[in-house]
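The block underneath contains the structure these notes are about, expressed in structure tokens.
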Amino acid sequence: MARHLITSAIPYINGIKHLGNLIGSQLPADLYARYLRARGNEVLFLCATDEHGTPAELAAAKAGKPVAEYCADMWAVQAEIAQGFRLSFDHFGRSSSPQNHKLTQYFAGALAAAGLIQEVTENQVYSVADGRFLPDRYIEGTCPNCGFESARGDQCDNCTKQLDPVDLINAHSTISGSTELEMRETKHLYLRQSKLKDDLNAWISSKTDWPLLTTSIAKKWLHDGDGLQDRGITRDLDWGVPVKRGTEDWPGMEGKVFYVWFDAPIEYIACAQEWVDAGKGTDWERWWRTDKGADDVRYTQFMGKDNVPFHTLSFPATIKGSAEPWKLVDYIKSFNYLNYDGGQFSTSRGRGVFMDQALEILPADYWRWWLLSHAPESSDAEFTWETFQTDVNKDLADVLGNFVSRVTKFCRSKFSENVPVGGTWGAPEEQLIADLSTRLTAYQGHMDAMEVRKSAAELRAIWTLGNEYLQGVAPWTTFKTDPDQAAAQIRLALNLIPFYAALSAPFIPDAAAELLEAMRVPDTAWPDDVRSALTALPVGHAFSVPEVTFRKITDDERSDWAERFAGTRD
RNA sequence: GGCGCGGUAGCUCAGUUGGUUAGAGCGAUCGACUCAUAAUCGAUAGGUCGGGAGUUCAAGUCUCCCCCACGCCA
């Protein structure tokens, strides 16, 4: 069996993520991780919180907490919600961990030694009242061109004219409102990505099997304008990884930290160290160092399209530039955006459903199924309450849930709560096995290829085969003239339940577990062979009729939720 | 303004390297069944594949122009 390293883009720390964020990386990554584990592969699935940068500092200030405390609290919140959605991370780390601090500084040292770090002195806007340098997005003023009052430091959103912060009339800090701004000289480190352009280009060009979305974004950044630009990797902030060259101080860089986009991807590696230090694993290097056993690892990253440039270029530049045998990503699966009811999900405006709210109103499996079966793979996708209600009711309650219900209840009323004896298989059963085998092969093919929507459609078709079979052989009719034959039919149908549970677990793990429990099957292997899987339950095996596995979403609930989540989050 | 992803049945989407009557699910209509969460199963209807021009024996599928929507950027 193969070894798979899987990472999901790490969510930013400042608040709870919405469903669009969830389906953009963590959820499909979890689907893949669960599937590969079920198929017997060795999997290391990592995620973490991305904690550094100005937004975290501001959010902490707004919450009235020291930033370290705020981040620790929010990490705990996000970890709990991730658990609520059954995201099966082997470790959920933090980019602020000591391991990441050390490793980030280590990479900076290696890049410097390779001649890929350049020290640049530049002028930036400094806010005396805030006591800090201000990124362009935190400076506003009146546009000298059109008079728009909320023009940002880098451009006017009204007339689109490109601006310099010094051009603005009445320029002020959006943090404090202070107009006491001045230009100050400051020194920063730049990663000379341009020197790695050819190497990165050749590498990206060799990835012909990557999603178009991934490679097209990468190539745009490589070739647009003057090509790949050198990138500042330090900031004048307090909260972050202190700038060091390995373990040594970096003269002239005192009091500065690495830019969040430099240290965040390195957390993928540091997270594996955290995983070991937490006592969950024994050797992280065999996942990350190709000279120490990671050469047979297949590394897959999941992310939304906004993260693609950093994962196709910036982070690979860090890895390649270090000239050390770190594991490079083998496959990048990227996703478009999920829209909410005709518009965008909006964290700032509280528009749409957020992860904590979703779990308050429905079990995780409902969301997992709908989001995955509508994953925005080829283009942006649309969430509406109408489709959510009809799809979930139809797929989960009517097709799968009701199948389990009709089979177990029929058996209980005509036979008992034990797998009945008697009868033999004939043509309909052979046909069912053939059909299931065909679809199982297709399902596995789509899952292997990370074709999420197609996988969901195939799984649903497998569920439907059970209903088709029952409708065809009609055990309720057979029973009147040939109870033994009806027993054979319902025995087969009962066996379909654990079979479905095994195949469905990557999508709907809780429901799958409930079905196995009801059927009194302690554990189930992936059904490589359909025929043997459908004879797994021994005659006389006791089971119980499960509770309603999926209740339906009512019209009242749908309209209530549509109203509740349309506006502002309180 | 530049760039990017799209524009396929009422809705959500599939459509490999151009090749027979363009597919699926939902919804709709009709029928079957009655074991089941008023569930299920079957059948039928529904599309000038955004518009136009071109290449070709043949284009949803390639080329050019235009329109629309969304996103990114300067």
Item to complete: Figure out the CG/C1' separation between A:Asn339 and B:C13, and round it to whole Å.
Response: 15 Å

Practice prompt. Please name all residues satisfying side chain to side chain contact (heavy atoms under 4.5 Å, CB included) with A:Glu451, sequence neighbours left out, ordered by chain then number.
Written response: A:Glu377, A:His446, A:Ala449, A:Lys454

Worksheet entry | Integer-rounded Å distance: B:U12 C1' and A:Trp370 CH2 | 9 Å

Worksheet item: Looking only at atom C1', what distance separates B:C57 and B:C62, rounded to whole Å?
Response: 16 Å

Fill in: Nearest-angstrom distance, C1' atom, B:G27 to B:C67
30 Å

Discussion item. For a quick test of reading the model: is some side-chain N or O of A:Lys409 closer than 4.0 Å to OP1 or OP2 of B:U37?
Written reply: yes

Discussion item. Using atom C1' in both nucleotides, what's the gap between B:C73 and B:G47 to the nearest angstrom?
Written reply: 37 Å

Worksheet entry | Spacing of the C1' atoms in B:G71 and B:A24 (rounded, Å) | 28 Å

Worksheet item: Pairing of RNA chain B as dot-bracket, 5' to 3': ( ) intra-strand, [ ] crossing, | other strand, . unpaired, with Watson-Crick or G-U pairs under 3.5 Å?
Response: ((((.((..((((.....[...)))).(((((.......))))).....(((((..]....))))))).)))).

Fill in: Span that lies between the P atom of B:U48 and that of B:G6, in whole angstrom
24 Å

Worksheet, complete the sentence: Residues of residues 505-514 of chain A with a heavy atom under 4.0 Å from any atom of RNA chain B, listed by number, are none

Practice prompt. Pick base, sugar-phosphate or nothing for A:Asp398, based on heavy-atom distances below 4.0 Å to the nucleic acid.
Written response: sugar-phosphate

Discussion item. Heavy-atom nearest nucleotide on RNA chain B for A:Lys305 versus A:Gly401: which residue maps closer to 5'?
Written reply: A:Gly401

Item to complete: For A:Tyr469 and A:Phe403, run ring pair (Phe, Tyr, Trp, His ring centres under 6.0 Å): C-alpha distance rounded to whole Å, both residues' side-chain angles, the deciding distance at 0.1 Å, then the answer.
Response: CA-CA 11 Å; A:Tyr469 169 75; A:Phe403 173 80; 8.9 Å; no

Discussion item. Without decimals, in angstroms, what is the distance between A:Arg439 CZ and B:A24 P?
Written reply: 11 Å

Worksheet item: Taking the P atom of each, how far is B:G2 from B:C66, in whole Å?
Response: 10 Å

Discussion item. Assess whether a salt bridge exists between A:Lys195 and A:Asp230, defined as any Lys/Arg side-chain N lying under 4.0 Å from an Asp/Glu carboxylate O.
Written reply: no

Discussion item. For B:A36, does the base pair up with any side-chain atom of A:Asn402 as donor and acceptor (N or O, under 3.5 Å, distance only)?
Written reply: yes

Fill in: Integer angstrom distance from the P of B:C33 to that of B:G23
31 Å

Worksheet item: Nearest-Å distance, CG (A:Asp391) to P (B:C13)?
Response: 11 Å

Worksheet item: Between A:Asp30 and A:Arg368, is the closest basic N to carboxylate O distance under 4.0 Å?
Response: yes

Discussion item. If the glycosidic angle sits within 90 degrees of zero it is syn, else anti. Tell me which applies to B:G31.
Written reply: anti

Discussion item. Nearest whole Å is fine: how far is B:C13 C1' from A:Asn336 CG?
Written reply: 14 Å

Item to complete: May I ask you to say what A:Lys552 touches in the nucleic acid, namely base, sugar-phosphate or nothing, with a heavy-atom cut-off under 4.0 Å?
Response: base

Worksheet item: Do the charged groups of A:Arg460 and A:Asp395 touch, with an N to O distance under 4.0 Å?
Response: yes

Fill in: Any residue of residues 445-477 of chain A with a heavy atom less than 4.0 Å from an atom of RNA chain B
A:Arg453, A:Lys454, A:Arg460, A:Thr464, A:Asn467, A:Glu468, A:Gln471, A:Trp476

Fill in: Contact list for residues 487-499 of chain A, test side chain to side chain donor-acceptor pair (under 3.5 Å), sequence neighbours left out
A:Thr478-A:Gln489

Item to complete: Using side chain to side chain contact (heavy atoms under 4.5 Å, CB included) as the criterion, list what pairs up with A:Ser416, not counting sequence neighbours.
Response: A:Asn418

Fill in: Protein-nucleotide distance (A:Arg406, atom CZ; B:U34, atom C1'), rounded to Å
9 Å

Worksheet item: Picking from A:Phe507, A:Trp561, A:Phe550, what satisfies ring pair (Phe, Tyr, Trp, His ring centres under 6.0 Å) with A:Tyr366?
Response: A:Phe550

Worksheet item: If only atom types and distance count, is the side chain of A:Glu429 paired as donor or acceptor with the main-chain N or O of A:Gly426 below 3.5 Å?
Response: yes

Practice prompt. Would you mind reading off the distance between A:Gln489 atom CD and B:C33 atom P, rounded to a whole angstrom?
Written response: 17 Å

Discussion item. What's A:Phe550 touching, base or sugar-phosphate or nothing? Going by heavy atoms closer than 4.0 Å.
Written reply: base

Fill in: Separation of B:C26 C1' from A:Phe383 CZ (nearest whole Å)
16 Å

Worksheet entry | A:Lys394 side chain, from C-beta outward: closest of B:U40, B:C13, B:U37 | B:U40

Worksheet item: With a 6.0 Å cut-off on ring centres, are A:Tyr340 and A:Phe565 close enough?
Response: no

Worksheet item: Looking only at heavy atoms, which two atoms of A:His541 and A:Arg520 are closest? And how far apart?
Response: CE1-O, 3.4 Å

Worksheet item: When you check the side-chain N and O atoms of A:Gln389 and A:Asp555, is any donor under 3.5 Å from an acceptor?
Response: yes

Practice prompt. Could you measure between the two P atoms, the one in B:G50 and the one in B:U12, and give it in whole Å?
Written response: 15 Å

Discussion item. Check whether A:Tyr259 forms a cation-pi arrangement with A:Arg235 (NZ or CZ under 6.0 Å from the six-membered ring centre, at most 45° off the ring normal).
Written reply: yes

